A.B. asks: 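Here it is: the structure, laid out below.
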Amino acid sequence: MILRTVTKRWLVVAFMAFLAVAVSGAALSAELFGDESYRLAAGEIVDDDLYVAATEIYIDGIVKGDLIAAGNIIEIGPTGVVEGDLVALANSIEISPTGIIQGDMWAAATSILINGTILDDLRVGGSGIELSGIVADDAFLAAGGGPADIPAGMGPQSTPSGLRVTGEIGGDAFVVAGGADISGAIGGDLRAGLGTLHLSGAIGGDADIQAGEISASDSARIGGELKYSAPEQLQFPAGFARDIQYEAPAEDQAAGGTIVGAIFGWIFRTVAIGIGVAILGWLLLRFRPNILVRPAAAIRSNPVGTGLYGLLAAALLIFIPVASGILVAFTWAFWGVLPGIAVFVFLVASSAVIWFLSPLLTGVWLGEKIGERLGGDHSPLLLLLMGALLIVVLGRIPFLGWLVYLLSFVLALGGLLRSGTSAAAARPTEAPTGQ
């Protein structure tokens, strides 16, 4: 029994060592970069995954694995090829006409311009999205636009707010946008919730559309059935769809009652969240200030490096949950069902807590930046409130809020990792006592 217990413990230790080497090895064997600018020149090849955090990122060479990038401008050039997945966070992202992503593309940016080819799924969100290239499989698109139009991006790749599809989507399209103009082709079904829609392209399958305003040109075609909900029933061109079904919105929605209620509800929830964040921030600053101060100091010392830490950790343990899944499986195998469930709950709960606390963790750093611009001497609590409440308000903006929270989460996670590492390194080592 003792031998069996010892053997089990050593197997667990061996597995934990393997997991640590595997996770860190995935990062170390990949090429890492963090600086003001990064360019993979034409003809250059990265044989593994590439992780980049820089102000400007230009990919004109070939990345054999995944590309995980965060910056202000990200561009896949005319000769750029990513043979794995692309995961990107930026102000503006552009895929050149002959640029190729062979795997999935996951991206969040203010401005997204896709002229190239995505050979798998496309999942993107931004204020302005323009798709003039080719997506071989399904597309999930969330964009701004509509009556409350917001300019999208300030860089050379900036696109107008809203969604424009002039290219081709081979599979199904799932769209949420304030305003959309679809003049390209969708091979599968279209599922959309929109403020306004103008359709002049072709949809091969069925369409299920809920919109405040719908218009269609004579060239528009839907190969299957159209189900739509709008303030009033519309007349479509002859042969527009195989069958058309109209569903009237609820009376209070048609009268604008739900819109007014939604606005007041949004304001109430935003104020409630702001009050909760303010109270929690005050309590942490008073009783556990290091929880906020140390991560903020790590972010302040190197924002790009801290963001890269957080992006890698999120990609390995959350967005690409291979490592966490292996950890839960082996805990289950060696220690039983309850410990496996406990590890799973811990991973999910800790991620949720960091997500919830991220406005506070990054709010200290952001508040300090605001304080520097304003000048003068400000209390730590005031700086925290200015930064955290700004993140909360921006995080409540439809379509773009989740990007704000995602950036805050990545920075907070990186700050916690770097501050924990620094604290461990700074902890003095006790000398052994004599016998």
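Remember, it's a predicted structure, so these values are computed and weren't measured experimentally.
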A.B. asks: To the closest 0.5 Å, what do you measure between CZ (R39) and CD1 (I59)?
C.D. replies: 9.5 Å
A.B. asks: Check this for me, if you would: do R191 and D172 make a salt bridge, where the nitrogen-to-carboxylate-oxygen distance has to be below 4.0 angstrom?
C.D. replies: no
A.B. asks: Count the heavy atoms of every other residue, nucleotide or ligand shown that sit under 6.0 Å from CD of E247, and state whether that count exceeds 12.
C.D. replies: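 Result for CD/E247: open.
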A.B. asks: Quick check: does any side chain N or O of D104 sit under 3.5 Å from a backbone N or O of D121, one acting as donor and the other as acceptor?
C.D. replies: yes
A.B. asks: Roughly how far, to the nearest 0.5 Å, is the CG atom of D189 from the CD1 atom of I169?
C.D. replies: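 If I round to the nearest 0.5 Å, the distance is 12.0 Å.
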A.B. asks: So among V82, V81, D120, which one has a side-chain contact (heavy atoms from CB on, under 4.5 Å) with Q102?
C.D. replies: V81
A.B. asks: Any side-chain heavy atom of L361 within less than 4.5 Å of one from L292?
C.D. replies: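 They are in contact (side-chain heavy atoms under 4.5 Å apart), so the answer is yes.
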A.B. asks: State, to 0.1 Å, how close G307 and V410 come at their nearest heavy-atom pair, and which atoms those are.
C.D. replies: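 For G307 versus V410, the nearest heavy atoms are O-CG1, 3.3 Å.
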A.B. asks: Locate the shortest heavy-atom distance separating A248 from S229; write the atom from each residue and the value.
C.D. replies: C-OG, 4.3 Å
A.B. asks: Would you check, one step at a time, whether the test side-chain hydrogen bond (donor to acceptor under 3.5 Å, both in side chains) holds for N115 with S96?
C.D. replies: CA-CA 5 Å; N115 295 320; S96 299; over 6 Å; no
A.B. asks: Would you say that R288 contacts N290 through its side chain, given a criterion of any heavy-atom pair below 4.5 Å between the two side chains?
C.D. replies: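 Side-chain contact under 4.5 Å: no.
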A.B. asks: Do side-chain atoms of R418 reach the backbone of A298 as a donor and acceptor pair under 3.5 angstrom?
C.D. replies: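 Checking the backbone N and O of A298 against the side chain of R418, a donor-acceptor pair under 3.5 Å is found.
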A.B. asks: Can you confirm whether L357 sits close enough to L280 that some side-chain heavy atom of one is under 4.5 Å from a side-chain heavy atom of the other?
C.D. replies: yes
A.B. asks: Yes or no on side-chain contact (heavy atoms from CB on, under 4.5 Å) for F236 and L199, after CA distance, side-chain angles and deciding distance?
C.D. replies: CA-CA 11 Å; F236 292 100; L199 180 63; over 6 Å; no
A.B. asks: Rounded to the nearest 0.5 Å, what's the gap from OG1 on T79 to CG on L40? Could you check?
C.D. replies: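 Interatomic distance, T79 OG1 to L40 CG, rounded to 0.5 Å: 8.5 Å.
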A.B. asks: Dump the intermediate steps for side-chain contact (heavy atoms from CB on, under 4.5 Å) on V293 and V364, then the final yes or no.
C.D. replies: CA-CA 7 Å; V293 173; V364 175; 5.6 Å; no
A.B. asks: Quick check: closest heavy atoms across Y228 and I244, and the distance to 0.1 Å?
C.D. replies: CE2-CG2, 3.6 Å
A.B. asks: Looking at side-chain heavy atoms only, is the closest gap between L413 and Y309 below 4.5 Å?
C.D. replies: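 The answer is no; the side chains never approach within 4.5 Å.
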A.B. asks: On the six-membered ring of W365, is R300 placed so that its NZ or CZ lies under 6.0 angstrom from the centre and within 45° of the ring axis?
C.D. replies: no
A.B. asks: Working to the nearest 0.5 angstrom, can you tell me the gap between Y405 OH and T362 OG1?
C.D. replies: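 The distance works out to 9.0 Å.
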A.B. asks: When you measure from the side chain of T98 to the backbone N and O of P78, does any donor-acceptor pair fall under 3.5 Å?
C.D. replies: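 At least one qualifying donor-acceptor pair exists.
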A.B. asks: Evaluate the side-chain contact (heavy atoms from CB on, under 4.5 Å) criterion for residues L284 and L384: first the C-alpha distance (whole Å), next the side-chain angles of each, then the deciding distance (0.1 Å), finally the verdict.
C.D. replies: CA-CA 11 Å; L284 288 175; L384 168 63; over 6 Å; no
A.B. asks: Are Y38 and Y58 close enough that their ring centres sit under 6.0 Å apart?
C.D. replies: no
A.B. asks: Measuring from L50:CG to I57:CD1, what's the distance to the nearest 0.5 Å?
C.D. replies: 8.5 Å
A.B. asks: What's the separation between atom OG1 in T117 and atom CD1 in I100, rounded to the nearest 0.5 Å?
C.D. replies: 5.5 Å
A.B. asks: Does L163 form a side-chain contact (heavy atoms from CB on, under 4.5 Å) with L194? I'd like the steps, not just the answer.
C.D. replies: CA-CA 10 Å; L163 171 67; L194 306 161; 5.7 Å; no
A.B. asks: Side-chain donor-acceptor pairs under 3.5 Å in residues 203-221, sequence neighbours left out?
C.D. replies:
| unit_1 | atom_1 | unit_2 | atom_2 | d |
| --- | --- | --- | --- | --- |
| D206 | OD1 | E225 | N | 2.7 |
| S215 | OG | H198 | ND1 | 2.8 |
| S217 | OG | S219 | OG | 3.1 |
| S219 | OG | S200 | O | 3.1 |
| R221 | NH1 | D218 | O | 2.9 |

A.B. asks: Looking only at heavy atoms, what is the nearest atom pair of G415 and T306, with distance?
C.D. replies: N-CG2, 3.2 Å
A.B. asks: Check whether any side-chain heavy atom of I76 sits under 4.5 Å from a side-chain heavy atom of M105, and report yes or no.
C.D. replies: no
A.B. asks: So which heavy atom on G281 is nearest to which on L360, and how close?
C.D. replies: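 Answer, listing the atom of G281 first, then L360: CA-CD2, 3.7 Å.
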A.B. asks: Where do D49 and D66 come nearest, in terms of heavy atoms and distance?
C.D. replies: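 Between these two residues, the closest heavy atoms are OD1-N, 2.7 Å.
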